[in-house]
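Shown next, in structure tokens, is the structure this report addresses.
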Amino acid sequence: MLRLNSITLERDSKSNDSIQFQLNSETSDFRAIVMSRSIPNFLFTFLRWSGFVEGSDAKAKHHFSSRIFDILLFLTCADVTVSTVINSENAHKKLIAAYLSFPIVSALVWCEMRCKRKLITSLLQNVQMVNSSFYEKIINFAVFINYFMSLLVPTILISTVINPKFLTFFTYGYELKNSWILCVIGILKGLLYYMLYPCVTNTVAIFYISLCWRCSININNLVKDIAKYTPEEFDRSKQLDVLKKKANISRDLQSIQTVFSLSMFLILIANFLMCSCLIGGVIIKIKFVEGNIIFIFYFVNAFLCLITSLWVAGSVPVEMSRFKETFHQTTHERLLYYHTTEELHLKMDLITEPDFVLTGCNILPFRRSTILTVTGTLLTYTVLIVSTS
């Protein structure tokens, strides 16, 4: 009898475990569906395979891929650092320190995003959706171009090299007799180097841009909603409804600030140093390998990432200002013509609320006016550093 009871309990335990596993799996799949609806497909695919969202470890392939990415990233970071130091005699001393910062920044950004995977998951589950095919197409196109260039640029660079000595950078200065083996090593390492920087930093920047753009669209939609009402129609209930939606957007912005503050600060600093490094190389007349193709690409990539991130993030305070102005104008006309003094506290709370500005570590404000400041600083300090002996 006792044996039968133990067998029954064992079966029940196994059954409960299987049910619990099934429930966890279904919950994970449901969370994935919710998040996939709130973010463009190409970008969400990268977030799952890289382990940036919680629940991606539930499936073996995502768990395995995230660990492979971790290993490749840090091995590549170490490799490019060692290769740069070994070949430092062939480069200008003033550019070595800046160049070494790129892989280190990428590794730090990767670690930061992995450490905040719970916050990222919560953000994607709670952020308001945007019904815009244009928005989704632009973000998917940007991610696709980023991945495509990671295959195209290193291949073109290695295949157009005329002097084989350049490829010894990838073999720590050792010359190989077989040139085709050297080319294969160069292409493979070139792909890994590009994936480290700027592919990783570009993808995180695109993720950040997509979230900021989403919030700007939602704020703009609130402005359009207010514009639909006449002062008479915009009563207390409608004002509260609009302000509640605005509060949800503010909550999303706070979450974005918490998740991306350090990462975006590091990314912008890295791109700033890349632009400064390449401009400095032109000023001191460094001859870049095989012409200016690689120089032009990396400069354009870094400058576009820098400018686009500041422009889109800077649209948030612009749209917030438009929202406050539209809300104030409509409620002010309502007060003048209908004497609704009991609604004054709603308007006063909104007006006295400080403007929300996304920042990098509370050091660099992400405003559109910051673009001019960064551009001027880039040119000024690059010339000053290069001109020093």
Side-chain angles (χ1 to χ4, degrees), residues 42-43 45-47 49-50 52 65-66 68-87 91 95-96 98-111 113 141-161 166-172 182-209 263 266-278 281 288-306 308-309:
F42 283 4
L43 185 56
T45 300
F46 171 82
L47 296 178
W49 284 86
S50 60
F52 282 0
S65 65
S66 64
I68 292 296
F69 282 156
D70 291 342
I71 295 171
L72 285 177
L73 185 80
F74 292 104
L75 286 179
T76 305
C77 182
D79 182 80
V80 70
T81 302
V82 172
S83 297
T84 303
V85 172
I86 291 176
N87 293 274
L95 305 181
I96 293 298
Y99 187 76
L100 284 175
S101 67
F102 308 143
I104 296 174
V105 165
S106 294
L108 290 175
V109 169
W110 185 274
C111 289
M113 296 296 288
F141 178 75
V143 175
F144 173 77
I145 289 296
N146 186 40
Y147 295 161
F148 178 73
M149 295 305 288
S150 66
L151 300 174
L152 182 63
V153 172
T155 305
I156 292 178
L157 176 63
I158 302 301
S159 61
T160 56
V161 169
F166 167 70
L167 297 178
T168 59
F169 175 87
F170 301 106
T171 57
Y172 310 112
L182 193 61
C183 287
V184 171
I185 294 174
I187 291 175
L188 291 177
K189 282 198 172 184
L191 292 175
L192 292 175
Y193 288 1
Y194 186 94
M195 290 297 293
L196 179 65
Y197 178 87
C199 187
V200 168
T201 53
N202 281 350
T203 306
V204 175
I206 292 171
F207 184 25
Y208 178 76
I209 287 170
S263 298
L266 292 174
I267 290 172
L268 295 183
I269 291 297
N271 285 314
F272 181 89
L273 289 175
M274 172 60 80
C275 293
S276 178
C277 180
L278 295 176
F288 291 93
V289 180
E290 306 305 328
N292 295 324
I293 297 178
I294 195 67
F295 156 72
I296 294 173
F297 171 77
Y298 274 98
F299 177 80
V300 170
N301 176 84
F303 191 73
L304 280 179
C305 183
L306 189 67
T308 306
S309 299

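Since we're looking at a predicted model, the values are computed, not measured.
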task: Could you go through the side-chain contact (heavy atoms from CB on, under 4.5 Å) check for Phe74 and Cys111 one step at a time?
output: CA-CA 10 Å; Phe74 292 104; Cys111 289; 3.2 Å; yes

task: Step by step, work out the side-chain contact (heavy atoms from CB on, under 4.5 Å) result for Tyr298 and Cys277.
output: CA-CA 10 Å; Tyr298 274 98; Cys277 180; over 6 Å; no

task: Let me see the working for Thr171 and Ile185 under side-chain contact (heavy atoms from CB on, under 4.5 Å), right down to the final yes or no.
output: CA-CA 8 Å; Thr171 57; Ile185 294 174; 4.3 Å; yes

field: Derivation and outcome, side-chain contact (heavy atoms from CB on, under 4.5 Å), residues Phe207 and Phe52
entry: CA-CA 11 Å; Phe207 184 25; Phe52 282 0; 5.7 Å; no

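Within the 4.5 Å cutoff, no side-chain heavy atoms of Val143 are placed close to those of Thr203. Taking the side chain as every heavy atom from C-beta outward, Met195 and Thr76 never approach each other to under 4.5 Å.
Taking every heavy atom of both residues into account, Phe102 and Ala270 meet most closely at CE2-O, 3.4 Å. Of all the heavy atoms in Cys199 and Tyr147, the pair that sits closest is SG-CD2, 4.2 Å.
No close placement of the Phe141 and Phe42 rings is indicated, their centers lying 6.0 Å or farther apart.
Distance alone, capped at 3.5 Å, places no donor-acceptor pair between the Ser276 side chain and the Leu273 backbone.
We find the OG-CG distance between Ser263 and Leu108 to be 9.5 Å, quoted to the nearest 0.5 Å.
Under 3.5 Å, the side chains of Tyr197 and Asn271 contain a donor-acceptor pair of N or O atoms.
Residue pairs meeting the salt bridge (charged side-chain N to carboxylate O under 4.0 Å, His left out) criterion with at least one partner in residues 68-82, sequence neighbours excluded, are Asp70-Arg114, Asp79-Lys189.
Ser309 is linked by a side-chain hydrogen bond (donor to acceptor under 3.5 Å, both in side chains) to nothing, counting only residues two or more places apart in sequence or in another chain. Partners of Phe303 under the ring pair (Phe, Tyr, Trp, His ring centres under 6.0 Å) rule, at least two apart in sequence or in another chain, are Phe299.
For the pairing with Asn301, the side-chain hydrogen bond (donor to acceptor under 3.5 Å, both in side chains) check across Thr201, Asn202, Asn146 returns one residue only, Asn202.
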